[in-house]
Amino acid sequence: MKQLNEGLSVNIKTDRPVTFVARRNFLKSAGMTTIAGAIFLAGCDKDDDPVMAGDNVDLGMGDIGILNYAYALEQLEADFYIRVVDTIFSGATQKEKDMLMAIRDHEIVHREYLRNALGANAIGQLEFNFSAVDFTNRASVLGTARTFEDTGVSAYNGAGTLLKEAANLLMAGKIVSVEARHAAAIRSMLQANSTHFAGDDIINANGLDLSKKPSEVLPAVQSFIKNKLTGSSLPQS
Amino acid sequence: MNLYHIISELEKVDEDVHERLNYISRRSVFNTIGKKVSALAIPTLVATSLNKAYAATPVAMDVLNFALTLEYLDSEYFTKGINTANLIPGSDRPVFTQVAKHENEHVAFIKATLGNKAIPKPTFDFTGKGLFPDVFTNYKTFAMVGHAFEDHGVRAYKGQAGNLMAAEDKPILEAALRIHSVEARHTAGIRYLINIRNLVEETEPWITLNEGTPAGIYTGEDNTMQGGVETSGLAGRSKERASEAFDEPLSREAVLANASRFIAT
């Protein structure tokens, strides 16, 4: 397969980044199977390449697709918290600053871990749009953080049954509980000494947290991402 | 015990739930529940139906009983805490009341799924056989042991996820994951209170290295090698941050060894 990648990557070498979708179509027309296409696509994309803003990004299929889905969400969170800490909102206490810096670092570690774990299969670096967020405003920042963390928890919870490899399920489990810790911390900052850290707005009457499929999560985060994320090849069940 | 919530949850993870339940003639069963059968009979009736309907594997049933042991412990601990006078400061009560509520719901949910296979509740000794003698008289001890129980639950569920990957166990895996993240929210909510009150120095909503008491609950939490990737030092982040970024699983044997300290013999 390595041999094949090297051979083909020469054939489609371009001086401009092309979209994943375009590459896939090329492969289909070249008579490749979809699976071979996906492996090849990932193989020939340099993982440090920033994808062009507005480019379509296909997350891929199988466990790799789910891990890329997680990688996209972790990129979003890391980028967000880097900006939060760089422009800390007025009125933040020292404890809040410390926690937000820790959360930023956790998200960076998640992002870097997934990028390394995916290796040649990783999607490129996404570009974000936080124009809806007022980074000087406490309510805007913490409200957005709450949305991202709750969304992250629901995404990992919903993706668990889509994974085939036990090792990948375990890794998702190791990350999701930290996202849940973040969610509770952010919610505690928003409403201290209340039930909000695990509020009735998210936890149902059986004591179960949110769980959402990629088809629900991707549209919810798309407005923050300049690239169009496509999860149409992700496992459905 | 809320039958309709459980059915409604199952619908979310399994759109065919009613079809699966067809063989027990949903209509007649549910009418009967409404009219004649005593409330006590409902959990067993539903659970038996669900077990058959999902054909969950014996391994999954076993995992659920393992989880039930911990949920019994959490449920009794926090319920006792919120019912103990002069223990929890008034301002912090909403947090512990919410935790107790969820733990009671977890017990009810898992018992309903297990039906007559559910193990009975053990008798607990929350002093940990004398390790925490003031657990219900000293708020600091209560909060510390409480968040340790929640951290423990997070590790226990995580360690069992891989045993719930059979196709027929998917509804159980999804429910387990959804409980797992609630336990993580719980510990973070309690840890946040500990942090704000400076009850225990340097306690944050996440676990740094293997810091925590009892030590057995935090063994191995300082791992930073993840799936063949050394995360300490990634993008210049410290080992402490890398350890916090991932929660570690705990084996069933280790969990039971930790729990046995709190089960009266």
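So you know, we letter chains A, B, ... as the sequences are listed, proteins then strands, and number each from 1.
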Review point. Which atoms of B:R93 come close to chain A, meaning under 4.5 Å heavy atom to heavy atom: side chain ones, backbone ones, both, or neither?
Key: neither
Point to revise | Region of B:V154 in contact with chain A, defined by heavy-atom distances below 4.5 Å | key: side chain
Practice item. Work out which heavy atom in B:S181 is nearest to a heavy atom in B:R178; give both atom names and the distance. Key: OG-O, 3.6 Å
Review point. Given that the side chain runs from C-beta out, which part of A:I202 has a heavy atom under 4.5 Å from chain B: side chain, backbone, both or neither?
Key: side chain
Review point. So does A:R115 pair up with A:E74, basic N to acidic O under 4.0 Å?
Key: no
**Study point:** A:D200 portion near chain B, given a 4.5 angstrom heavy-atom threshold
**Key:** both
Check your understanding: Checking B:H106 against chain A: side chain, backbone, both or neither under 4.5 Å from a heavy atom?
Key -> both
Check your understanding: Using a cut-off of under 4.5 Å for heavy-atom pairs, which of A:G160, A:S188, A:A184, A:G158 has the most such pairs with chain B?
Key -> A:S188
Review point. Is A:R104 paired with A:D86 through a side-chain N to carboxylate O contact shorter than 4.0 Å?
Key: no
Point to revise | Among B:V107, B:L114, B:T113, side-chain contact (heavy atoms from CB on, under 4.5 Å) partner for B:I110 | key: B:L114
Check your understanding: Knowing that exactly one of B:E150, B:H147, B:R185 qualifies, which makes a side-chain contact (heavy atoms from CB on, under 4.5 Å) with B:V99?
Key -> B:E150
Check your understanding: Taking NZ, NE, NH1 and NH2 as the nitrogens, is one of them in B:R237 or A:E112 under 4.0 Å from a carboxylate oxygen of the other?
Key -> no
Study note, to complete from the structure: Max heavy-atom pairs within cutoff under 4.5 Å with chain A, candidates B:T231, B:I179, B:N195, B:L193, goes to B:N195
**Study point:** Proximity breakdown for A:A185 and chain B, heavy-atom pairs closer than 4.5 Å
**Key:** both
Exercise for review: Would you mind checking if A:R111 and A:D79 are paired as a salt bridge, meaning a charged N to carboxylate O distance below 4.0 Å?
Suggested key: no
Point to revise | Contact class of B:I207 relative to chain A, heavy atoms under 4.5 angstrom | key: both
**Study point:** Side-chain donor-acceptor pair present, A:S211, B:E174, cut-off under 3.5 Å
**Key:** yes
Practice item. Go through A:A180, A:A166, A:S177 and name the one with the most non-hydrogen pairs under 4.5 angstrom from chain B. Key: A:S177
Exercise for review: Taking atom types as modelled, find out whether B:E103 and B:H186 have a side-chain donor-acceptor pair closer than 3.5 angstrom.
Suggested key: yes
Check your understanding: Between A:K164, A:K95, A:H196, A:E179, which residue shows the highest count of heavy-atom pairs closer than 4.5 Å to chain B?
Key -> A:K95
Check your understanding: Among A:M99, A:M171, A:M189, A:R187, which residue forms the greatest number of heavy-atom pairs with chain B at distances under 4.5 Å?
Key -> A:M99
Check your understanding: Where on B:V95 is there a heavy atom nearer than 4.5 Å to chain A: the side chain, the backbone, both, or neither?
Key -> both
Exercise for review: Would you mind checking which part of A:T161 comes under 4.5 Å of any heavy atom in chain B, side chain (CB onward), backbone (N, CA, C, O), both or neither?
Suggested key: both
Check your understanding: With a 4.5 angstrom heavy-atom cut-off, which part of A:S237 approaches chain B: side chain, backbone, both or neither?
Key -> backbone
**Study point:** Engaged part of B:T187 at the chain A interface, taking heavy atoms whose separation is under 4.5 Å
**Key:** side chain
Check your understanding: Between the side chains of A:E107 and A:H110, is a donor N or O closer than 3.5 angstrom to an acceptor N or O?
Key -> yes
**Study point:** Residue B:N104 versus chain A: region with a heavy atom under 4.5 Å
**Key:** neither
Point to revise | Presence of salt bridge, A:K174 and B:E248, under 4.0 angstrom | key: yes
